[in-house]
Peer 1: 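The following block contains the structure, expressed as structure tokens.
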Amino acid sequence: MEGVIDAVTRDLLTRDKGLDWTVTEFVRVVDARLPPRVFYKHCPELHPDRRQARQDAVATPSGVPVHLQLLGSDPAALAANARQALRLGATGLDLNFGCPAKTVNRHDGGASLLRDPQRVQRVVSAVSEAVGERIPVTAKIRLGFADRRLALACAQAAEDGGARHLVVHARTRNEGYRPPAHWEWIARIRQRLTIPVIANGDIWTLADYWKARSLSGCEDVMLGRAVLADPALPARIRHWQRTGERLPETRWQRRADILDAYARRQCETLPEKVVVALLKQWLNQMRGRDDEAARRFQALRRETRLAPFLAGLHGAPEVSETALAD
Ligand SMILES: Cc1cc2nc3c(=O)[nH]c(=O)nc-3n(C[C@H](O)[C@H](O)[C@H](O)COP(=O)(O)O)c2cc1C
């Protein structure tokens with residue numbers, strides 16, 4: 001997720017053994033072939049220093065594969081960058097047709113291509129041909145741009161272009177992130193396609209997971225914001241799949257520990273203020289799903305120093321002086 005999930009986050013979130021694979025933030029392709037440093041920035045796991053052995057899949061330190069995501073609209077430019085990614089050792093490429101950001105859509109990227117299924121097909125097909133059978137090319141769509149009329153046609157276009165699987169975020173671009181996600185629409189797409197279809201959108205809890213699976217009929221789901229809100233959710237789902245048991249709700253301490261580990265890792269390369277801003281961003285994702293996170297966020301939202309911020313995550317919740325002065 002752009003601006004939110006980087007290699008450190010991926011590392012921390014994949015330690016629990018619940019996720020099968022991860023996807024990078026999108027690499028935006030406009031025209032020219034991008035230099036290696038752009039790929040390494042978005043996907044440090046690609047860097048030769050990080051690869052345990054050259055043959056290994058690009059993966060997090062705990063071995064969960066990382067697919068590189070490209071976003072763009074020009075088939076030739078995307079193909080050139082797909083070849084570049086392949087040359088650098090990428091072992092999975094995903095194409096983004098879901099991004100709703102105005103700046104991205106204005107430049108004809110992300111969900112704006114969903115207005116024309118042929119363009120979706122041309123992009124997927126150019127990238128698939130560029131990398132051949134060597135690595136899988138996959139795609140991610142929404143249900144449409146302004147409405148769902150072209151949902152099935154766009155999904156079919158991705159399959160016809162050569163996508164090996166399709167992730168469907170069950171909302172249109174204009175619906176943004178507004179609930180509900182229309183999981184039943186994913187079922188229509190799944191019935192039409194022969195490739196695996198993966199359900200995405202608003203899966204926050206184990207109960208959501210069941211409901212999304214039963215309404216979509218999909219075997220697999222993709223989790224976005226929920227993994228940040230509740231880092232134990234993938235392992236809870238996996239445990240339920242294996243045993244039929246429900247693990248208890250995630251305690252605050254578990255969330256605090258991951259934020260703490262994240263801060264310590266980010267401090268190695270980023271200034272303190274940036275680390276605190278990133279921590280607030282993550283805590284903000286947690287607060288809608290956890291009362292304790294909401295209380296801590298309220299108490300810490302004006303804090304800019306790292307040590308008091310971390311202390312505030314672990315100690316009894318207190319309202320800071322600056323927050324009180326509000
Ligand atoms: C801040 C933010 C950044 C995102 N960046 C990406 C991205 O780079 N690539 C992508 O495919 N989806 C991206 N998404 C969309 C999510 O992957 C996901 O499809 C969407 O949030 C719906 O799933 P969820 O309800 O599980 O979060 C982003 C979402 C958010 C909120």
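Both ligands and their constituent atoms are indexed starting at 1 by order of listing. Residue indices begin at 1 and follow the sequence shown. The structure presented is a predicted model; accordingly, all values stated were derived computationally and were not measured.
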Peer 1: How many angstroms lie between CZ in R301 and CZ in R287, if you round to the nearest 0.5 Å?
Peer 2: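 These two atoms lie 8.5 Å from each other.
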Peer 1: Tell me whether the NZ or CZ atom of R238 lies within the 45° cone about the ring axis of Y209 and under 6.0 Å from its centre.
Peer 2: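 Not flagged: R238 not positioned over aromatic ring of Y209.
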Peer 1: Any idea which residues sit under 4.0 Å from ligand 1, heavy-atom distances?
Peer 2: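 Shell around ligand 1 (4.0 Å, heavy atoms): M1, E2, V4, E25, F26, Q69, N96, K140, H169, R171, Y177, N200, G201, D202, L223, G224, R225.
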Peer 1: With a cutoff of under 4.5 Å between side-chain heavy atoms, which Ile, Leu, Val, Met, Phe, Trp and Tyr residues group with W21?
Peer 2: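 Via sub-4.5 Å side-chain contacts, W21 links to V23, V167, I198, M222.
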Peer 1: Tell me, which pairs form a salt bridge (Lys or Arg N to Asp or Glu O under 4.0 Å) where one or both residues lie in residues 148-170, sequence neighbours left out?
Peer 2: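 Those involving residues 148-170 are E133-R164, D147-R149, R148-E175.
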Peer 1: Any salt bridge (Lys or Arg N to Asp or Glu O under 4.0 Å) pairs touching residues 213-227, not counting sequence neighbours?
Peer 2: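 Qualifying pairs, neighbours excluded: D202-R225.
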Peer 1: Tell me, please, whether W240 has R246 positioned over its six-membered ring: NZ or CZ under 6.0 Å from the ring centre and within 45 degrees of its axis?
Peer 2: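 Judged by the rule, R246 and W240 form no cation-pi pair.
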